[in-house]
Number of protein chains: 2
Amino acid sequence: MKPEKTESRRYQKQKLAAIRAAASVFSEKGFHGASTADVAARLGIKQGSLYYYFDSKEEALEEVCLYGLRQYVENMDAIAEGEENFQARLRAVVTNHLGRYREKNEALKVHNDERLYLPPERRVRLKQLGTHYRERLEDIVETGKAEAAVRDEIDSHFMAQSIIGMCNGLGEIIVRDPEADVFELARKCTDLLLHGTAPYHIQGD
Amino acid sequence: MKPEKTESRRYQKQKLAAIRAAASVFSEKGFHGASTADVAARLGIKQGSLYYYFDSKEEALEEVCLYGLRQYVENMDAIAEGEENFQARLRAVVTNHLGRYREKNEALKVHNDERLYLPPERRVRLKQLGTHYRERLEDIVETGKAEAAVRDEIDSHFMAQSIIGMCNGLGEIIVRDPEADVFELARKCTDLLLHGTAPYHIQGD
DNA sequence: TCAGAATTCTATTAATCTATAGAAATATTT
DNA sequence: AAATATTTCTATAGATTAATAGAATTCTGA
């Protein structure tokens with residue numbers, strides 16, 4: 001079956017290729033719409049051989065989702081640990097988030113669209129990553145308060161979730177319109193988050 | 001097969017029940033994870049009998065999605081046609097949107113999660129409804145400009161998509177935490193959209 | 001080059017599921 | 001109550017698919 005301790009270089013390489021093939025096929029046809037034969041074909045092997053790398057189709061989905069999220073979360077960590085001011089970091093976060101919709105990141109798309117088909121026990125690690133992402137963003141909001149760039153009464157959990165949602169919404173524009181300028185969108189988005197819609201001067205409540 | 005002209009009262013009633021049963025089952029198991037037998041069982045009839053109401057499983061999915069979106073869009077129309085000022089309408093939009101996550105609207109959930117499994121020709125009517133929703137929201141933003149409640153440089157397409165995304169993001173909080181106060185969230189969300197994160201007084205660029 | 005290990009292939013099992021056709025049952029109308 | 005129309009059931013065809021086992025092949029190191 002599977003190599004026990006060895007995990008040879010070749011095995012690891014091919015396993016990564018298998019994850020990518022699965023990401024590609026799942027993102028095209030959906031998890032249930034895609035067969036293990038489709039995935040194997042994309043990889044250039046036969047259906048049965050795929051089980052050398054995955055114990056089940058579900059395990060393949062889990063690995064694809066994890067693979068898609070990881071890099072994305074790593075970027076967030078780098079931003080959160082950086083030394084820039086709130087405005088710059090917010091922009092970096094938004095740009096990182098929106099950028100993912102342009103470079104077609106199939107594994108991340110699979111995570112977004114198909115992860116619900118995983119049974120709960122296969123979703124725990126994904127949830128951990130997602131929570132980690134949001135918590136880093138909450139940290140950034142808190143530093144914004146320390147800098148007096150963010151009003152005190154703003155709840156950082158609420159704020160982080162709002163930012164994530166807004167970016168996902170704008171992602172649709174990027175997907176719909178291949179001409180859309182990601183950096184310009186990121187700029188507008190950051191501006192909206194910082195200043196809102198209302199004219200700058202006075203505003204009542 | 002299907003009744004041609006009659007469309008008897010009973011038929012219509014049972015068809016609606018079938019759509020609801022499909023919504024319930026699809027939202028639980030996903031479109032591909034659910035079988036027509038599951039849907040029929042929820043409705044209290046046998047698998048084969050379901051085809052009296054739908055030509056195919058895909059048609060059932062399409063009808064569920066349309067059913068889920070329609071009411072939601074109708075509410076938006078009512079808000080857009082109303083006479084209130086920008087701030088009040090924005091709040092109404094956000095409240096309508098967030099409210100949907102609390103009353104468990106299974107059909108709308110199916111629309112959100114499963115619509116991608118429809119072939120493009122079955123998605124056109126859904127897209128029309130979605131576009132209509134966003135366009136009404138763009139209208140509201142434009143009236144906001146006329147009222148000087150919204151800065152001129154704000155792009156209404158961008159803005160509408162941002163609002164939709166933010167609401168969807170906050171929806172996750174509502175789903176995660178059954179205690180979350182929808183109206184309080186709607187208030188915070190409206191406030192953030194109007195004023196941004198930054199303290200009110202001056203802000204540079 | 002040979003031996004053993006790692007990788008892929010073939011063949012098959014067993015289960016599942018959509019969709020259809022025609023019979024049976026139920027409701028409606030005359 | 002008989003006749004007709006509507007709704008549901010039974011049974012099945014036909015196709016697909018995930019997963020397994022063991023054989024065949026390819027790779028690697030001595």
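Just so it is clear: chains get the letters A, B, ... in the order the sequence lines come, proteins before strands, and each one is counted from 1. Computed from a prediction, not measured in an experiment: that's the story for all the values here.
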* Report which part of the nucleic acid A:Gln14 touches: base, sugar-phosphate, or nothing (heavy-atom distance under 4.0 Å, all strands). => sugar-phosphate
* Select base, sugar-phosphate, or nothing to describe what A:Ala40 touches, counting heavy atoms under 4.0 Å on all strands. => nothing
* Approximate separation, where rounding is to 0.5 Å, of A:Glu62 CD and A:Phe54 CZ -> 11.0 Å
Closer than 4.0 Å, any side-chain N/O of [X] to the OP1 or OP2 of [N]?
X       : N      : result
B:Tyr51 : D:dT8  : no
B:Tyr52 : D:dT8  : no
A:Thr36 : D:dT17 : no

Integer-rounded Å distance: [N] [atom2] and [X] [atom1]:
X       : N      : atom1 : atom2 : result
A:Phe54 : C:dT7  : CZ    : P     : 14 Å
B:Lys57 : C:dC17 : NZ    : P     : 8 Å
A:Gln47 : D:dA19 : CD    : P     : 9 Å
A:Arg9  : C:dT7  : CZ    : P     : 13 Å
A:Arg10 : C:dA6  : CZ    : P     : 11 Å
A:Lys46 : C:dT7  : NZ    : P     : 20 Å
A:Leu61 : D:dT17 : CG    : C1'   : 17 Å
B:Asp55 : C:dA19 : CG    : P     : 9 Å

Let me have the donor-acceptor pairs involving side chains of residues 19-28 of chain B, under 3.5 Å, with sequence neighbours excluded, atom names and distances please.
from    : atom 1 : to      : atom 2 : distance (Å)
B:Arg20 : NE     : B:Tyr67 : OH     : 2.9
B:Arg20 : NH2    : B:Tyr67 : OH     : 3.0
B:Ser24 : OG     : B:Arg42 : NH1    : 2.4
B:Ser27 : OG     : B:Ala23 : O      : 3.3
B:Ser27 : OG     : B:Ser24 : O      : 3.0

State plainly whether the residues [X] and [Y] are in salt-bridge range, i.e. N to O under 4.0 Å.
X        : Y        : value
A:Asp191 : B:Arg151 : yes
A:Glu81  : A:Arg136 : no
A:Lys109 : A:Asp113 : yes
B:Arg70  : B:Glu74  : no

* Just checking, B:Lys15 and B:Tyr53: is the charged tip under 6.0 Å from the six-membered ring centre and within 45° of the axis? -> no
* Using five base pairs at each end, measure the axis-to-axis angle across the helix from C:dT1-D:dA30 to C:dT30-D:dA1 and round it to 10 degrees. => 20°
* Give the nucleotide from the list C:dT8, D:dC9, D:dT7 with an atom nearest to the side chain of A:Tyr53. => C:dT8
